**Q** 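Right, I'll just put the structure down here and ask away after.
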Amino acid sequence: MTPSSPSAPTPAAAPNAGARIDLVGLSREALGAELAALDEPRFRANQLWHWIYHRGATDFERMTTLAKSLRAKLAERYVVGRPAIRQDLKSVDATRKWLLRLADGHEIESVHIPEDDRGTLCVSSQVGCTLTCRFCHTGTQTLVRNLTAGEIVGQVMLARDVLGEWPSPQDERLLSNVVLMGMGEPLYNFDAVAQAMKIVMDHAGISISRRRITLSTAGVVPMIERCGAEIGVNLAISLHAVRDALRDVLVPLNKKYPLAELLAACRAYPGLNNARRITFEYVMLKDINDSPADARELVRLLQGIPAKVNLIPFNAWPGAPYECSTDAAIQRFGDIVNAAGYASPVRTPRGRDILAACGQLKSASQRARRSAVVAAPALTE
Ligand code: SAH
């Protein structure tokens, strides 16, 4: 039996897209059904798909392979939407963060991280998060709702708009990789995430391969198998501790799905081999999880799993209960893991100056909202 989302948070409220339906996020089949309802042949869905996801068109008038009468019919009933940019911040290191407003007024963030050989978009899967990881700023906020598939794909499309990457280029892309490492727990919103990733991977459109997509989870064990089987993207696990007693504190989800179960699910991840390893993320917290004994225990836990380890220097935020490990401690930890045969790069923090680094997302918009609350109490949720 395939499990449905366990302990799924508040059901997704349908965002108010106005009277017209937003086509972004519909599967090919659903797009075909919309066209069939207009008495159009279903194959027109392929033409529409090309305009929306390959060319990036948002205006039906520009879809010149469709008859003028059909363009008019479509414009009456549908839109090809985008989230609105509330803020566009650029870091000194060229990382870029967009604060986006959704159709119903909620806000999310996406981060673009340019590197020499790639450009990665860090995408959010929920507004806020329910997980309350002790070291994560997003975890201090309450979940408002799940994102829809359209809102997840919309982040990629918006980034493409801003980066000027339409029609979808084949190579040398500024947006070549996607990581589901923004706000939220993607495996608590699996159906929308899966539908969105299928659209992102589709060869006739955005066409980002599954090898260039990584889903990061805090460890929603019953959904890990489906993630591999249904979308086959790279898996990253936010491990952060090697003993249940500590992981229960840092990642409270561990109380539900302890380390032994989590690692068993990793061992069974479909498609896993030496060329497709699981990434284990490990945030370096001073005197908490950064001892040589911890590193040795990590090596023991990973035994038999094709794995690499990403060491993430802790990114502080106001009121955070932890400090970042010293460089020497990170080095020592990495050396032990590396000597055991696991790549263990230290992830360079990107975009810290614009609060775009791991675990810092949404904080700015929350502060802004708090001051807005003071200014206009009648508008609070
Ligand atoms: N909920 C998913 C997706 C979030 S990914 C998950 O937990 O994997 C964001 C990554 O940044 C996670 O590995 C998270 O544990 C890490 N992170 C959170 N807060 C951080 C911080 N303050 N410093 C460094 N990494 C952090």
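As a basis for the values below, the full set of heavy atoms in this structure was taken, side chains included, without hydrogen atoms, waters or symmetry mates. None of the values given here were measured: they were computed from a predicted structure. Every number for a ligand or one of its atoms is a count from 1 in the order of the listing.
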**Q** Would you kindly check if the NZ (Lys) or CZ (Arg) of Arg62 is within the cone defined by 45 degrees around the ring axis of Trp51 and under 6.0 Å from the six-membered ring centre?
**A** no

**Q** Measure the acute angle between the ring planes of Tyr322 and Phe314, then classify it against the limits of 30° and 60° as parallel, tilted or perpendicular.
**A** perpendicular

**Q** Once you restrict to heavy atoms under 4.0 Å, what part of Glu281 touches ligand 1? Side chain, backbone, both or neither.
**A** side chain

**Q** By number and element, which atoms of ligand 1 are closer than 4.0 Å to a non-hydrogen atom of Asn315?
**A** 21 (C), 22 (N), 23 (N), 24 (C)

**Q** Show me which atoms of ligand 1 lie under 4.0 Å from any heavy atom of Val283.
**A** 23 (N), 24 (C), 25 (N)

**Q** Any atoms of ligand 1 less than 4.0 Å from a non-hydrogen atom of Trp317? List them with their elements.
**A** 22 (N)

**Q** Give yes if a backbone or side-chain nitrogen or oxygen of Met181 is under 3.5 Å from a nitrogen or oxygen of ligand 1, and no if not.
**A** no

**Q** One pair to check against ring pair (Phe, Tyr, Trp, His ring centres under 6.0 Å): Phe333 and Tyr282. What are the steps and the verdict?
**A** CA-CA 11 Å; Phe333 194 99; Tyr282 198 93; 4.8 Å; yes

**Q** May I ask you to check if ligand 1 and His137 share an N or O to N or O distance below 3.5 Å?
**A** no

**Q** Below 4.0 Å, non-hydrogen atoms only: which portion of Met183 touches ligand 1? Side chain, backbone, both or neither.
**A** neither

**Q** Under 4.0 angstrom from ligand 1, any heavy atom of Ala236?
**A** no

**Q** Could you go through Asp248 and Asn254, starting from their C-alpha distance and side-chain angles, then the distance that decides it, and tell me whether this counts as side-chain hydrogen bond (donor to acceptor under 3.5 Å, both in side chains)?
**A** CA-CA 5 Å; Asp248 283 351; Asn254 193 70; 2.8 Å; yes

**Q** Provide the number and element of each atom of ligand 1 under 4.0 Å from a heavy atom of Ile312.
**A** 24 (C), 25 (N)

**Q** Between Thr214 and Val233, is there a side-chain heavy-atom distance shorter than 4.5 Å?
**A** no

**Q** Show me which atoms of ligand 1 lie under 4.0 Å from any heavy atom of Phe135.
**A** 15 (O), 17 (N), 18 (C), 19 (N), 20 (C), 21 (C), 22 (N)

**Q** Show the nearest heavy-atom pair for residues Gln155 and Glu109, with the distance to one decimal.
**A** OE1-O, 4.0 Å

**Q** I need the atoms of ligand 1 closer than 4.0 Å to a non-hydrogen atom of Phe314, numbered in the order shown.
**A** 21 (C), 22 (N), 23 (N)

**Q** Side chain, backbone, both or neither: which applies to Thr217 and ligand 1 if a contact is any heavy-atom pair less than 4.0 Å apart?
**A** backbone

**Q** Can you name the atoms of ligand 1, numbered from 1 with element, that are less than 4.0 Å from a heavy atom of His240?
**A** 13 (O), 14 (C), 15 (O)

**Q** Say whether Asn310 and Thr279, considering side chains only, have a donor N or O and an acceptor N or O under 3.5 Å apart.
**A** no

**Q** Within the supplied structure, the quantity of interest is the number of heavy atoms (other residues, nucleotides, ligands) at a distance under 6.0 Å from Asp117 CG; does it exceed 12?
**A** yes

**Q** Do Asn234 and Arg210 have a side chain donor and acceptor closer than 3.5 Å?
**A** no

**Q** My understanding is that we take every heavy atom of each candidate and find the minimum distance to atom 7 (O) of ligand 1. Doing that for Ser238, Pro186, Gly182, which one comes out nearest?
**A** Ser238

**Q** Please tell me if the side chains of Val193 and Leu180 come closer than 4.5 Å, counting only heavy atoms from C-beta onward.
**A** yes

**Q** Under 4.0 Å from a heavy atom of Ala218: give me the atoms of ligand 1 that qualify, with their elements.
**A** 6 (C), 7 (O), 8 (O)

